[in-house]
2 protein chains.
Amino acid sequence: MQKAARKSEPASNPPGRPREFDMDTALDGAIRVFCERGYHATSIGELTAAMRLATGSVYKAFRDKHAVFLAAFERYVEVRQEQTRSAAARGANGRERLRHVLLSYVEHSQGSEGRRGCIVVGSAVELSAVDPVMRARVTAQLKTNETFMASLIREGQVDGSIPGHVDADDTARLMICMTQGLRVVGKARLPLDGDRLVGIAMKLLD
Amino acid sequence: MQKAARKSEPASNPPGRPREFDMDTALDGAIRVFCERGYHATSIGELTAAMRLATGSVYKAFRDKHAVFLAAFERYVEVRQEQTRSAAARGANGRERLRHVLLSYVEHSQGSEGRRGCIVVGSAVELSAVDPVMRARVTAQLKTNETFMASLIREGQVDGSIPGHVDADDTARLMICMTQGLRVVGKARLPLDGDRLVGIAMKLLD
DNA sequence: TTGATTAGGAAACAATCATTCCCTAATATC
DNA sequence: GATATTAGGGAATGATTGTTTCCTAATCAA
């Protein structure tokens, strides 16, 4: 990936910058179309339309289509991570924090965002078999999420909201499966009732 | 889809059949490559190689690539359904039948088959947003599996192996999420311990 | 054996793809 | 104001795609 102008670093811009341009906004467009259609089904035309950039501009900022996808993946993961952390922060103890994280996952798996899909799930399914780079990113992200959930379980065991006999690692891995599955089912447009599903899932912490 | 010669109906073959040829065997090859690479990333060349058929032969048996995919999807679903039913049959009561079903899912999500992936999950993620036909097949299959699991729960409630306060429909939907997520995580090559994961998942039936 | 019929194979086809190239327009420095 | 520099745009370019077409070889009916 090459360096690209960001709003966060406007001073260091070289001369000859035509007008305002935000890479993150462009990447958000790329995320939208990559999530919805996947990597291979997204043509450069659709990509440039979604990014509101011309073909040449995209190839001036990125080496190739794969580099755009990687950048979109990284931004997606960054944004989602922040959303998940802030969902966890809404809980008063470990158990409640985990409950809010699961609820957040269900919400994001529903409606227009759910229909659009998750780029991590998409990469796992579409690319992990043939693209070692993306597979490494996917497994890293899954492990990060898993570690985060395991840490919430351990917090709950310390604050007494989750019994000590619960295996943090195995339960976290099962919950990762649940959350990734939610994105699959959500993309297939099956309705998901957050309160009911999460209410049942919380049995795993008994 | 057009009619194609099957081993199960050899008598009705018109004259001029060069040598033995089994559509199901060819479709198994198509399933292999479609599961691993997905729909768009699979070229006709890779498809014909996997099916051990020439280009013209494939287009003589199917209208287009999409029809091959649909046929492969249908056969995949048929085979997997049979495997799941026979896994369920290994249990003595509803709870044990469900446990064997979940165990079967974990096993199939691991190793070489896990790395290859599930064509239902692949279709949900890659096609359901842009292909109404495949989306309908995916949702139908998810609902079939969900109904099957819900029926196992109800059997367990009748035979006393599962408490009556368990909500069969909601629990089944959550388990569908788990199983589909298993395929995602398995494709990303994270190791899955069947006994431990299923042991935890069975808490949902308490 | 002969004729009708069809699967299998490979080359030819048009369309679409990702990518490259060049031009224009707009700034910052001098 | 003049010049150098660069982001943005769009047409041109190979490569690759899915599909069609034609030919060959093999089989069954007569």
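Each chain gets a letter, A, B and so on, in the order its sequence line appears, and its residues count up from 1.
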What is the distance, to the nearest angstrom, from the CE atom on Met51(B) to the P atom on dG9(C)?
13 Å

What is the separation between atom CZ on Phe62(B) and atom P on dG8(C), rounded to the nearest whole Å?
11 Å

Among residues at least two apart in sequence or on other chains, which ones pass salt bridge (Lys or Arg N to Asp or Glu O under 4.0 Å) with Arg37(B)?
Glu46(B)

By the side chain to side chain donor-acceptor pair (under 3.5 Å) test, which pairs, at least two apart or in different chains, include something from residues 184-202 of chain B?
Asp170(A)-Arg196(B)

Sequence neighbours excluded and cut-off under 3.5 Å, please list the side-chain donor-acceptor pairs for residues 96-104 of chain B, or say none.
unit_1: Glu96(B); atom_1: OE1; unit_2: Arg99(B); atom_2: NE; d: 3.2
unit_1: Glu96(B); atom_1: OE1; unit_2: Arg99(B); atom_2: NH2; d: 3.0
unit_1: Glu96(B); atom_1: OE2; unit_2: Arg99(B); atom_2: NE; d: 3.3
unit_1: Arg97(B); atom_1: NE; unit_2: Glu155(B); atom_2: OE1; d: 3.0
unit_1: Arg97(B); atom_1: NH1; unit_2: Gly91(B); atom_2: O; d: 3.4
unit_1: Arg97(B); atom_1: NH2; unit_2: Glu155(B); atom_2: OE1; d: 2.9
unit_1: His100(B); atom_1: ND1; unit_2: Glu96(B); atom_2: O; d: 3.0

Pairs under 3.5 Å (N/O, protein and nucleotides 18-22 of chain D):
unit_1: dG18(D); atom_1: OP1; unit_2: Thr42(B); atom_2: O; d: 3.2
unit_1: dG18(D); atom_1: OP1; unit_2: Lys65(B); atom_2: NZ; d: 2.6
unit_1: dG18(D); atom_1: OP2; unit_2: Ile44(B); atom_2: N; d: 2.8
unit_1: dT19(D); atom_1: OP2; unit_2: Tyr59(B); atom_2: OH; d: 2.4
unit_1: dT19(D); atom_1: OP2; unit_2: Lys65(B); atom_2: N; d: 3.0
unit_1: dT19(D); atom_1: O5'; unit_2: Tyr59(B); atom_2: OH; d: 3.2

By side chain to side chain donor-acceptor pair (under 3.5 Å), which residues pair with Arg80(A), not counting sequence neighbours?
Gln83(A), His108(A)

Residues that Asn145(B) engages under side chain to side chain donor-acceptor pair (under 3.5 Å), provided they are two or more places apart:
Tyr105(B), Gln141(B)

